[in-house]
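Positions are given from 1 along the sequence.
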Amino acid sequence: MGMLYQFFSKMGITRLRFKPAYNPYTEPSMEVFSYHEGLKKWVEIGNSGVFRPEMLLPMGLPEGVAVIAWGLSLERPTMIKYGIDNIRELVGHKVNLQMVHANPLCRLDS
């Protein structure tokens with residue numbers, strides 16, 4: 001949880017919640033949520049967990065090795081960082097190209 005908190009904190013996203021979850025490939029597993037001010041609700045921004053041992057066997061890893069898994073969304077943290085309320089404004093034909101040109105890349109805060 002600390003690593004995920006640091007990852008999102010570098011983008012200025014600090015209002016996080018972690019919730020235990022089920023995932024067939026990892027155990028234990030958890031979902032990561034962040035508060036979206038514009039939507040006034042918590043939105044899921046990722047999943048994580050520790051790969052189950054049987055998932056690692058085909059990779060040839062020795063028994064007892066623990067591997068962390070993350071599935072982090074890019075769209076929702078971007079929506080939170082830039083105050084976008086509708087995902088269609090970020091992807092698809094309704095994209096505000098002026099915003100894209102004004103923010104050519106996401107810089108991680110130091």
Do [X] and [Y] sit in the same hydrophobic cluster, where Ile, Leu, Val, Met, Phe, Trp and Tyr count as joined when their side-chain heavy atoms come under 4.5 Å apart?
X: Met11; Y: Tyr5; result: yes
X: Met1; Y: Leu72; result: yes
X: Leu74; Y: Phe7; result: no

Minimum heavy-atom distance Pro58-Glu54, with the two atoms named: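 Heavy atoms of Pro58 and Glu54 come nearest at CD-O, 3.5 Å.
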Would you name the heavy atoms of Val43 and Leu39 that are closest together and state the gap between them?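 Looks like CG1-CD1, 4.2 Å.
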Among residues at least two apart in sequence or on other chains, which ones pass ring-ring contact (aromatic ring centres under 6.0 Å, His included) with Trp70?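 Result, ring-ring contact (aromatic ring centres under 6.0 Å, His included) vs Trp70: none returned.
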Is Leu56 isolated, or which residues cluster with it under the ILVMFWY side-chain rule of less than 4.5 Å, directly or via members?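 Members other than Leu56 - counting any ILVMFWY side chain reachable under 4.5 Å - are Tyr25, Phe51, Met55, Met59, Leu61, Val65, Val67.
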With a cutoff of under 4.5 Å between side-chain heavy atoms, which Ile, Leu, Val, Met, Phe, Trp and Tyr residues group with Trp42?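 Trp42 shares its hydrophobic cluster with Phe33, Tyr35.
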Would you list the pairs meeting salt bridge (charged side-chain N to carboxylate O under 4.0 Å, His left out) in which at least one residue belongs to residues 22-36, sequence neighbours left out?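 Found Lys19-Glu31, Glu27-Arg52.
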Could you walk me through whether Arg76 and His36 pass the side-chain contact (heavy atoms from CB on, under 4.5 Å) test, one step at a time? CA-CA 9 Å; Arg76 289 180 180 166; His36 190 297; over 6 Å; no
Other residues, nucleotides and ligands only: do more than 12 of their heavy atoms fall within 6.0 Å of CD on Glu37?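 For Glu37, atom CD is crowded (more than 12 foreign heavy atoms under 6.0 Å).
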Under the side chain to side chain contact (heavy atoms under 4.5 Å, CB included) test against Ser29, which residue among Asn23, Asn47, Val50 passes?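 It is Asn23; the other options fail the test.
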Going through the distances and angles, do Ile68 and Thr26 end up as a side-chain contact (heavy atoms from CB on, under 4.5 Å)? CA-CA 9 Å; Ile68 298 173; Thr26 59; over 6 Å; no
Does Ser48 reach the side chain of Met30, with side-chain heavy atoms less than 4.5 Å apart?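 Of all side-chain heavy-atom pairs linking Met30 with Ser48, at least one is under 4.5 Å.
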All side chain to side chain donor-acceptor pair (under 3.5 Å) counterparts of Arg17, not counting sequence neighbours: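 Side chain to side chain donor-acceptor pair (under 3.5 Å) check on Arg17 returns nothing, list empty.
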Mind checking what makes side-chain contact (heavy atoms from CB on, under 4.5 Å) contact with Ser34, not counting sequence neighbours?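 Per chain and number, Ser34 pairs via side-chain contact (heavy atoms from CB on, under 4.5 Å) with Ile13, Leu16, Ile45, Ile80.
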